[in-house]
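The analysis underlying the following values was restricted to heavy atoms, covering all of them including side chains, and did not include hydrogens, waters or symmetry mates. All values derive from a computational prediction rather than experimental measurement. Counting starts at 1 for both ligands and their atoms, following the listed order.
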Amino acid sequence: MAAAGTIYVLNGPNLNLLGTREPETYGHATLADVEKLCADTARQFGLAADCRQSNREGELIDLIHEAHAKKAVGIIINAGGYSHTSIALHDALVAVKIPAVEVHVSNIHARESFRHHSFTAKAAFASLCGFGIDGYRLAIIGLATKIGAKIGTKTDAKAKA
Ligand SMILES: O=C1C[C@@](O)(C(=O)O)C[C@@H](O)[C@@H]1O
């Protein structure tokens, strides 16, 4: 059975450096670890995770538009530093009307004041931060629940097993 739907997992600038970037803040897990966690968690709900990363604001906007064109059922976004600056990313999320959850690996509210405001959070139905990379798993569980995806739903991968 094909996946019940696809969620786009979008990571923004410098998140390709996870694992070596400020491990005291972001831990030692890599972006590959994040993407495997997302795929594994999504599969539990019969969903597929299409994971992308870009250091370019316009590319992230294009990916949000692509999610819409491909009829994605949800978006998980960690826009990195652009979370705090990009009205354009906010507007893209609002424009496509796909249920979105914002994730931050670190607790942005316990950090420098310039990280305390997020434009992308205002375009998401939920936002979570401070759980390390487990935040992506929690965000997918929340998104799946929001869209009515049920845990234990079989997909091709599980059906073959
Ligand atoms: O690049 C990042 C990572 C981050 O989004 C996080 O996941 O904790 C927090 C941002 O403030 C920062 O610019």
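- Considering only non-hydrogen atoms, atom 4 (C) of ligand 1 lies nearest to H104 out of H104, R115, E102.
- The aromatic rings of H84 and H104 lie parallel to each other, their planes meeting at an angle below 30°, with 60° marking the opposite boundary.
- For ligand 1 and H84, the ligand atoms under 4.0 Å from any heavy atom of the residue are 10 (C), 11 (O).
- Heavy atoms of R21 approach ligand 1 to within less than 4.0 angstrom.
- Distances shorter than 4.0 angstrom occur between a heavy atom of N78 and an atom of ligand 1.
- A single hydrophobic cluster is not seen to contain both I76 and I98; linkage of ILVMFWY side chains at heavy-atom distances under 4.5 Å, directly or through other members, places them apart.
- A donor and an acceptor atom, one from each side chain of Y136 and N11, are located under 3.5 Å apart.
- A salt bridge is defined here as a Lys NZ or Arg NE, NH1 or NH2 lying under 4.0 Å from an Asp or Glu carboxylate O, and R43 with D40 meets this definition.
- With no hydrogens or angles considered, a side-chain donor-acceptor pair links Q53 and N55 at under 3.5 Å.
- In terms of protein heavy atoms, atom 6 (C) of ligand 1 is closest to V105 N, 3.3 Å.
- If you check which protein heavy atom lies closest to atom 8 (O) of ligand 1, you get S106 OG, 2.6 Å.
- In this structure, a donor-acceptor pair under 3.5 Å is present between the side chains of E66 and Y8.
- Taking only nitrogen or oxygen atoms, main chain and side chain alike, I108 does not reach within less than 3.5 Å of ligand 1.
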